[in-house]
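So you know, we letter chains A, B, ... as the sequences are listed, proteins then strands, and number each from 1. Computation of the quantities below employed the complete heavy-atom set of this structure, encompassing side-chain atoms and omitting hydrogens, waters and symmetry-equivalent molecules.
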There are 2 protein chains.
Amino acid sequence: MSLTSAATLATLDKTGPRRITDLAVAEGVTQPAMTVLVRTLEESGLVERKKDPSDKRVTLVCLTEAGASYVRTRRQAGVDAYARLIDELTGDEVEALAAALPALLRLAELESRARQESGR
Amino acid sequence: MSLTSAATLATLDKTGPRRITDLAVAEGVTQPAMTVLVRTLEESGLVERKKDPSDKRVTLVCLTEAGASYVRTRRQAGVDAYARLIDELTGDEVEALAAALPALLRLAELESRARQESGR
DNA sequence: AGTCTTATATAAGACCTTTATGCATCTGCG
DNA sequence: CGCAGATGCATAAAGGTCTTATATAAGACT
């Protein structure tokens, strides 16, 4: 599974159904690339297309139950992997990490904002 | 410039000349992929091949002056970008980050070790 | 010398991306 | 109302980077 595919599924999970162009912008790829990517996800049964009744041009991409389950499984695997790593740190180190979490979150948000402003 | 190319240049800068197979393992790609990648870097003038006199099968890949300069420029750009972001944090947040740095370094090292053990 | 292993190169194909383009639908203005 | 331009998506062609399979050359060991 490509990085972009995984990120797209995560985005759908976070924000609900989106149109193709939206997803392309969100993941920083072109619209044709997202069209192809959505097709492969659809063929894998992880998403489905729905027509927007208010604008017949747009197709809304929705997570299927299988897709949502895939995202949860993947996320849990990541959480577990990091939990195992953090288990090997000392108590002081874990405390320092916990204390830095708000700053790290802010930094991540600033970085994603900066990346959007500068083109990708 | 591909992610793998940049990582390869950084590795060469950190550890000095390396053989193709070494680089492939270090970057987690196959040897033919690294052969092609080194050729493009060579054509760009960023690295050069040298023959190992003690084993005529191996070709040692070395950073050229242009390659070293490229790595430095790229690194400085990254440092500057993060400096700008950190400038927007509060004093407390910066302190928390600084206090967490040793733990983050340990975590990164554990993670890279885990990744090597598990295949990539 | 003969055989196995190691280091690199080459070739063919898969996958993901981009630009260019086409078609359908919507929107706004005369 | 009707048509011109804008918008949303799909398709096609081409490029880049990767993989597997295979070839070639050199070292190592009996």
TODO: Compute whether any side-chain donor of one residue and acceptor of the other, for S2(B) and S5(B), lie under 3.5 angstrom apart.
DONE: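 There is such a pair between these side chains.
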Open item on the list: Can you see whether Q31(B) engages T35(B) through a side-chain donor-acceptor pair at a distance of less than 3.5 angstrom?
Closed with: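 Checked: Q31(B)/T35(B) side chains pair up, N/O donor to acceptor below 3.5 Å.
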Open item on the list: From C-beta outward on R19(B), which listed nucleotide comes closest to its side chain: dC16(C), dT8(C), dT19(D)?
Closed with: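 Output: dT8(C).
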Task: Listed nucleotide nearest any side-chain atom of V36(A), set dT17(C), dT8(C), dT20(D) - done: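 So the nucleotide nearest the side chain must be dT17(C).
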Using a cut-off of less than 4.0 Å, is there contact between a side-chain N or O of [X] and OP1 or OP2 of [N]?
X: T35(B); N: dT10(C); value: no
X: R49(A); N: dA10(D); value: yes
X: T4(B); N: dT17(D); value: no
X: T59(B); N: dA7(C); value: no
X: T30(B); N: dT19(D); value: yes

Open item on the list: Under the side chain to side chain contact (heavy atoms under 4.5 Å, CB included) test against V38(A), which residue among T59(A), V61(A), L12(A) passes?
Closed with: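 Testing V38(A) for a side chain to side chain contact (heavy atoms under 4.5 Å, CB included) against T59(A), V61(A), L12(A) leaves exactly one candidate, V61(A).
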Atom-to-atom span, [atom1] of [X] to [atom2] of [N] - whole angstrom:
X: D22(A); N: dT7(D); atom1: CG; atom2: C1'; result: 13 Å
X: M1(A); N: dC15(C); atom1: CE; atom2: P; result: 13 Å
X: R39(B); N: dT8(C); atom1: CZ; atom2: C1'; result: 11 Å
X: K50(B); N: dT8(C); atom1: NZ; atom2: P; result: 16 Å
X: M34(A); N: dT11(D); atom1: CE; atom2: C1'; result: 17 Å
X: K51(A); N: dA10(D); atom1: NZ; atom2: C1'; result: 10 Å
X: L3(B); N: dT17(C); atom1: CG; atom2: P; result: 13 Å
X: I20(B); N: dT6(C); atom1: CD1; atom2: P; result: 18 Å

Task: Closest non-hydrogen atom pair, K50(B) against E48(B) - done: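 Minimum heavy-atom separation between K50(B) and E48(B): CE-OE2, 3.7 Å.
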- [ ] Heavy atoms only: give me the nearest G45(B)-A66(B) pair and the separation to one decimal.
- [x]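 Heavy atoms only, the tightest pair is O-CB, 3.8 Å.
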Open item on the list: Heavy atoms only, 4.0 Å cut-off, all strands: where does T21(A) land among base, sugar-phosphate and nothing?
Closed with: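 Answer is sugar-phosphate: T21(A) comes under 4.0 Å of backbone atoms only.
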Check the interface with nucleotides 25-30 of chain D: list each N/O to N/O pair with the protein under 3.5 Å, or write none.
unit_1: dG27(D); atom_1: OP1; unit_2: K56(B); atom_2: N; d: 2.9

TODO: Before accepting this row, confirm whether a basic side-chain N of the pair R113(A)/E109(A) lies closer than 4.0 Å to the acidic partner's carboxylate O.
DONE: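 Here R113(A) pairs with E109(A) in a salt bridge, since their nearest N and O are under 4.0 Å apart.
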Open item on the list: How long is the straight-line distance from CG of L46(B) back to SG of C62(B), given to the nearest 0.5 Å?
Closed with: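 Those atoms lie 13.5 Å apart.
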Open item on the list: With salt bridge (Lys or Arg N to Asp or Glu O under 4.0 Å) as the test, pick out the partner of D13(A) among R18(A), R75(A), R72(A).
Closed with: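 With D13(A) as partner, R18(A), R75(A), R72(A) yield a single salt bridge (Lys or Arg N to Asp or Glu O under 4.0 Å), made by R75(A).
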Open item on the list: Please determine whether any donor N or O and acceptor N or O are separated by less than 3.5 Å between the side chain of Q31(B) and the base of dA7(C).
Closed with: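 Side chain to base: no pair present.
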Open item on the list: Quick check on DNA chain C: between S5(A) and P32(A), whose nearest nucleotide comes earlier from the 5' end?
Closed with: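 The residue closer to the strand's 5' end, by nearest nucleotide, is S5(A).
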